[in-house]
> 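Quick one: structure below, then a few questions.
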Amino acid sequence: MKLKIYNTKSKTKEFFKPIDLNNIRIYVCGPTVYDRAHIGNARPVVVFDILYRLLKYIYGEKSVTYVRNITDVDDKIINKSISQNKSVDEITSETIKWFAEDNKYLNVEKPTHEPKATQYIPQMISMIETLVSKKNAYVLEDGEVLFSVNSFNTYGFLSRQNLESMMIGNRIIIDKRKRNPLDFVLWKPTSRNNIGWNSPWGYGRPGWHIECSAMSKEILGDTFDIHGGGIDLIFPHHENEVAQSICANNKRLLANYWMHNGFVNIEGQKMSKSLGNYLTVDDLRRRNIDGAVIRFVLLSTHYKQPLDWTSRKVDEAQNILNKWYNINNKQNSKINGIPPNKILDALCDDLNTPLVLSEMHNLLKEEDYQGFTNSLIFLGLNPINSKNSINSQKDQQKEKVNEIINLLIHERKNARGNKDFKKSDKIRIKLEKAGVSINDLENETKWTLKPNFNPRILLTEE
RNA sequence: GGCGUGUUGGCAGAGUGGUGAUGCAGCGGAUUGCAAAUCCGUUAACACGUGUUCGAUUCACGUACACGCCUCCA
């Protein structure tokens, strides 16, 4: 079983060769914590969770170090703290809590480290000092420190850009103080009223990219195995990280493999707040969409491709998982075990999760229930959030809903007993309209809520 | 303008130089008071052009279309 990874750097699929078999090191750019995580944020979290599980399986539970950072200093956070009249710390700690809850809901394993940018300010300052002393960076009069892209001759290699052609685009704001318009901020001066730290260049805060260079160096070392994130981060974020790290550390490489996941669209449209098609994990949870369903949809398209999030896909995922869980309940397979080779092979082929899911169907056809259960758990698609654990604070309301549904089902049963099929059909149609799907078994009727569940319809007469 | 990705059956979505993806939907059947669920069977695709090849959906080149990045963004 050999893992292959598509490497953005080489634009080809390569066999994965670890630097140290006993310590596979991976760094993934995590969220900037200023708002609820949307499904676009959830995608890399789930994708790299699969990679983390796979690496642990191949190289051993204790031989993988997975770092997913948290950016807790940033303009967006500061703006929100001003507009909501809350401290930066309040905003970030609340958002971090939400993020953790969402990840739990999505059955995402905790990374080895989740460093916060604000805890690594001294490391950032020291890295910037090195860059200044090596003339890879320069200090302006007001204390702003900029990285000089001309000082790094392979700048643009990762994103396949060259300095000249980037300049032709008219989107670069010309700042005369910059030696090259593409020079980017390492340290930004700020007023004493704002969040900031003392530095050799005065009171200020770090630029966007330096945090990842500082944290990855501190936790993983100068060069590590895999660096991941969203496709939009290739330029400028990762390009700049490479430049900073290589210049500061005097190494040839930052990461051997670069992996980037595609964007998420909503019903064919680019997700954006202004279009009103902005979906958070919390929105979906409130709509009774199980974490496993979200996970399934996110894994049903290959991670490199754009993913179109549609309600149809959610319904399909829900139906498939319902079916799978019913089979699983019947089979009573043991909990522990290794997924079959065809599942692992598909995962090893650059995380081909759509193929994995289709092989899951095939396992059922072959009646390999043990292999199926093992795979389900391996993929994190096992039902950890039972329906009843959703919105636990709303248990009372839930109980009421349960009561009404059970009452209607009881009425239907009586009607059927009396061969009053007109009445029983009416009840069934009403339940269906409300998003309750019913299933007549030999001596009982089971029901489940569909994503379009709307309790109001239950309360209307006729 | 630069860089990059994609175009597969009704929909979603893998993959392959020659044979089956898979799921949903559809169609036929079993079962059912009806429905759902389940089971059996089944139809159907590789944007266009040229080239390479015994053979191309798969490789190369070109065309068209779509999308992304180059500005904060996962």
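All heavy atoms count here, side chains included; hydrogens, waters and symmetry mates do not. If you're wondering where the values come from, they're calculated on a predicted model, not measured in any experiment.
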> Check the surroundings of atom NZ in A:K116: do more than 12 heavy atoms from other residues, nucleotides or ligands lie under 6.0 Å from it?
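No, NZ of A:K116 has 12 or fewer neighbouring heavy atoms, counting only those of other groups under 6.0 Å.
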> According to a strict under-4.0 Å criterion, is A:K323 in side-chain N/O contact with OP1 or OP2 of B:G23?
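No, outside the criterion.
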> Mark yes or no: A:K4 above the aromatic ring of A:F15, with NZ or CZ under 6.0 Å from the six-membered ring centre and no more than 45 degrees from the axis.
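Judged by the rule (NZ or CZ under 6.0 Å from the ring centre, within 45° of its axis), A:K4 counts as positioned above A:F15.
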> Select base, sugar-phosphate, or nothing to describe what A:S437 touches, counting heavy atoms under 4.0 Å on all strands.
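Nothing: the residue A:S437, judged by heavy atoms under 4.0 Å, touches no strand.
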> Assign A:S300 to base, sugar-phosphate, or nothing according to its heavy-atom contacts below 4.0 angstrom with the strands shown.
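Answer is sugar-phosphate: A:S300 comes under 4.0 Å of backbone atoms only.
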> Flag the pair A:F372 / A:W324 as yes when their ring centroid distance falls below 6.0 Å, and as no otherwise.
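Close enough - the centres of the two rings lie under 6.0 Å apart.
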> Counting only side-chain nitrogens and oxygens, does A:T301 get under 4.0 Å of the OP1 or OP2 atom of B:G13?
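For A:T301, the contact criterion (side-chain N or O under 4.0 Å from OP1 or OP2 of B:G13) is met.
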> Could you tell me how far apart A:L363 (CG) and B:A21 (C1') are, to the nearest whole angstrom?
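Answer to the nearest Å: 14 Å.
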> With a 3.5 angstrom cut-off on both distances, give the Watson-Crick or G-U wobble partner of B:A44, or none if there isn't one.
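Its partner is none (no Watson-Crick or G-U wobble pair with both distances under 3.5 Å).
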> If you check every side-chain atom of A:V264, which of B:U22, B:A74, B:C24 has the closest atom?
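In terms of side-chain proximity for A:V264, the closest of B:U22, B:A74, B:C24 is B:A74.
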> After noting the C-alpha distance and the side-chain angles of A:N382 and A:Y325, does the key distance pass the side chain to side chain donor-acceptor pair (under 3.5 Å) rule?
CA-CA 8 Å; A:N382 45 314; A:Y325 293 164; over 6 Å; no
> If the C1' atom of B:A12 is compared with that of B:G51, how far apart are they to the nearest Å?
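Taking atom C1' in both B:A12 and B:G51, they lie 33 Å apart.
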> Has the side chain of A:R416 got a donor or acceptor that lies under 3.5 Å from a partner of the other kind on the base of B:G33?
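Yes.
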> How far does the P atom of B:G6 sit from the matching atom of B:G10, given to the nearest Å?
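Between the two P atoms, the distance is 23 Å.
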> Between B:A74, B:G2, B:U22, which nucleotide gets closest to the side-chain atoms of A:T32?
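Per side-chain heavy atoms of A:T32, the pick is B:A74.
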> Tell me the closest heavy-atom pair linking A:N107 and A:R53, and the distance in Å.
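Closest approach of A:N107 to A:R53: O-NH2, 2.8 Å.
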> Between A:S424 and A:D74, which has a closest nucleotide on RNA chain B that is more 5'?
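The residue closer to the strand's 5' end, by nearest nucleotide, is A:S424.
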> Could you work out which one of B:C73, B:C34, B:A21 sits closest to the side chain of A:R428?
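Nearest to the side chain of A:R428 among the choices is B:C34.
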> What orientation do A:W258 and A:H260 show, parallel under 30°, tilted 30 to 60°, or perpendicular over 60°?
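The arrangement is parallel - the two ring planes meet at less than 30°.
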> With nearest nucleotides of RNA chain B determined for A:N439 and A:P44 from heavy-atom distances, which residue corresponds to the more 5′ nucleotide?
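The residue mapped nearer the 5' terminus is A:N439.
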> Using a 4.0 Å heavy-atom cut-off across all strands, classify A:N362 as base, sugar-phosphate, or nothing.
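Touches sugar-phosphate only.
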> On a whole-Å scale, what distance lies between the C1' atoms belonging to B:A21 and B:G2?
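38 Å, rounded to whole Å.
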> Any strand is fair game: report the nucleotide pairing with B:A30 by Watson-Crick or G-U wobble, both distances under 3.5 Å, or none.
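Across all strands, the one nucleotide that pairs with B:A30 is B:U38.
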> When the P atoms of B:G13 and B:G4 are compared, how many Å lie between them, rounded to an integer?
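About 25 Å, rounded to a whole number of Å.
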> Is it the case that more than 12 heavy atoms not belonging to A:N418 sit under 6.0 Å from its CG atom?
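Count over threshold, so yes.
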> For a quick test of reading the model: is some side-chain N or O of A:N41 closer than 4.0 Å to OP1 or OP2 of B:A74?
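Yes, A:N41 has a side-chain N/O under 4.0 Å of OP1/OP2 on B:A74.
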> Does a side-chain N or O of A:K365 approach OP1 or OP2 of B:G23 to a distance below 4.0 Å, or not?
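Yes, such a contact exists.
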> If the P atom of B:U57 is compared with that of B:A35, how far apart are they to the nearest Å?
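About 44 Å, rounded to a whole number of Å.
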> When the C1' atoms of B:C61 and B:C73 are considered, how many whole Å apart are they?
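Those two atoms are separated by 36 Å.
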> Give the ring-plane orientation class for A:F235 versus A:Y155, where under 30° counts as parallel, over 60° as perpendicular and anything between as tilted.
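Ring orientation, 0 to 90° scale: perpendicular.
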> In Watson-Crick or G-U wobble terms, both distances under 3.5 Å, what is the partner of B:U50?
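Answer to the pairing question: B:A60, which forms a Watson-Crick or G-U pair with B:U50.
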> A:E316 CD to B:G10 P: how many Å, rounded?
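So the CD-P distance, A:E316 to B:G10, works out to 16 Å.
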> OP1 or OP2 of B:G23 less than 4.0 angstrom from a side-chain nitrogen or oxygen of A:K313, does that happen here?
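For A:K313, the contact criterion (side-chain N or O under 4.0 Å from OP1 or OP2 of B:G23) is not met.
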> About how many Å separate CG of A:L253 and CD1 of A:I246, when rounded to the nearest 0.5 Å?
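One finds 6.0 Å between CD1 of A:I246 and CG of A:L253.
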> What's A:K11 touching, base or sugar-phosphate or nothing? Going by heavy atoms closer than 4.0 Å.
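Since only primed, P, OP1 and OP2 atoms lie under 4.0 Å of A:K11, the category is sugar-phosphate.
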> Phosphate oxygens OP1/OP2 of B:G6: is one of them under 4.0 Å from a side-chain N or O of A:K304?
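No.
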> For A:D350 and B:G15, give me the distance from atom CG to atom P, rounded to whole Å.
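To the nearest whole Å, that distance equals 9 Å.
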> Over all strands shown, is A:I234 touching base, sugar-phosphate only, or nothing at heavy-atom distances under 4.0 angstrom?
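Nothing, no heavy atom under 4.0 Å.
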> Distance between the P atoms of B:C59 and B:C40, in whole angstroms?
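After rounding to an integer number of Å, I get 35 Å for this pair.
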> With a non-hydrogen cut-off below 4.0 angstrom, is A:P306 in contact with a base, only sugar-phosphate, or nothing?
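Since no nucleic acid heavy atom lies under 4.0 Å of A:P306, the category is nothing.
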> It should be established whether A:W447 places a side-chain nitrogen or oxygen under 4.0 Å from OP1 or OP2 of nucleotide B:A36.
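Answer no for this pair, as no side-chain N or O of A:W447 is under 4.0 Å from OP1 or OP2.
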> Would you mind telling me which of B:C34, B:A74, B:U22 lies closest to the side-chain atoms of A:R412?
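The closest nucleotide is B:C34.
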> Can A:F263 be called stacked on B:A74 when the rule is centres closer than 5.5 Å and an angle between planes below 30°?
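Aromatic stack with B:A74 present for A:F263.
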> CG of A:N162 versus P of B:G1: gap in Å, rounded?
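From A:N162 CG to B:G1 P: 16 Å.
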> Would you indicate which nucleotide in B:C3, B:U22, B:A35 comes nearest to any side-chain atom of A:I438?
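Of B:C3, B:U22, B:A35, B:A35 is nearest to the side chain of A:I438.
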> Would you mind reading off the distance between A:L347 atom CG and B:A14 atom P, rounded to a whole angstrom?
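Roughly 14 Å, once rounded to whole Å.
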> Can you identify which nucleotide, out of B:C11, B:A74, B:C70, has its nearest atom closest to the A:F235 side chain?
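Minimum distance to the A:F235 side chain belongs to B:C70.
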> With heavy-atom distances below 4.5 Å as the criterion, would you say the side chains of A:V108 and A:R295 are in contact?
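Yes. Closest side-chain heavy atoms under 4.5 Å.
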> Pairing check on B:U5: which nucleotide meets the Watson-Crick or G-U wobble criteria with it, both distances under 3.5 Å?
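Across all strands, the one nucleotide that pairs with B:U5 is B:A66.
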> Below 4.0 angstrom from OP1 or OP2 of B:C69, is there any side-chain N or O of A:K270?
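Yes, A:K270 has a side-chain N/O under 4.0 Å of OP1/OP2 on B:C69.
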> Can you tell me the distance, in whole Å, between the CG atom of A:L408 and the P atom of B:A35?
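After rounding, the reported distance stands at 21 Å.
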> For B:G15, does either OP1 or OP2 sit under 4.0 Å from a side-chain N or O belonging to A:N352?
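Checking A:N352 against B:G15: at least one side-chain N or O falls below 4.0 Å of OP1 or OP2.
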> Mind checking who B:A21 pairs with, Watson-Crick or G-U wobble, both distances under 3.5 Å?
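Its partner: none found.
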> Nearest-Å distance, CD (A:Q305) to P (B:G13)?
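Computing the A:Q305:CD to B:G13:P distance gives 9 Å.
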> Scan A:I429 against the nucleic acid and name what it touches under 4.0 Å (heavy atoms): base, sugar-phosphate only, or nothing.
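Contact class for A:I429: none.
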> I'd like to know if A:D425 reaches the base of B:G33 with its side chain, counting only an N/O donor and acceptor under 3.5 Å.
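By the distance-only test, yes, there is a pair.
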> Quick check for you: among B:U5, B:U22, B:A74, whose closest atom lies nearest to any side-chain atom of A:D232?
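Of the options given, the side chain of A:D232 lies nearest B:A74.
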> I'd like the P distance from B:C65 over to B:A60, given in whole Å.
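Going atom to atom, P in each nucleotide, I get 22 Å.
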> Which whole-number value in Å describes the distance from A:D440 CG to B:U31 P?
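Taking CG of A:D440 and P of B:U31, I get 18 Å after rounding.
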> Hey, does A:H237 reach any base, or is it just sugar-phosphate, or nothing, if we go heavy atoms under 4.0 Å?
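It contacts nothing in the nucleic acid.
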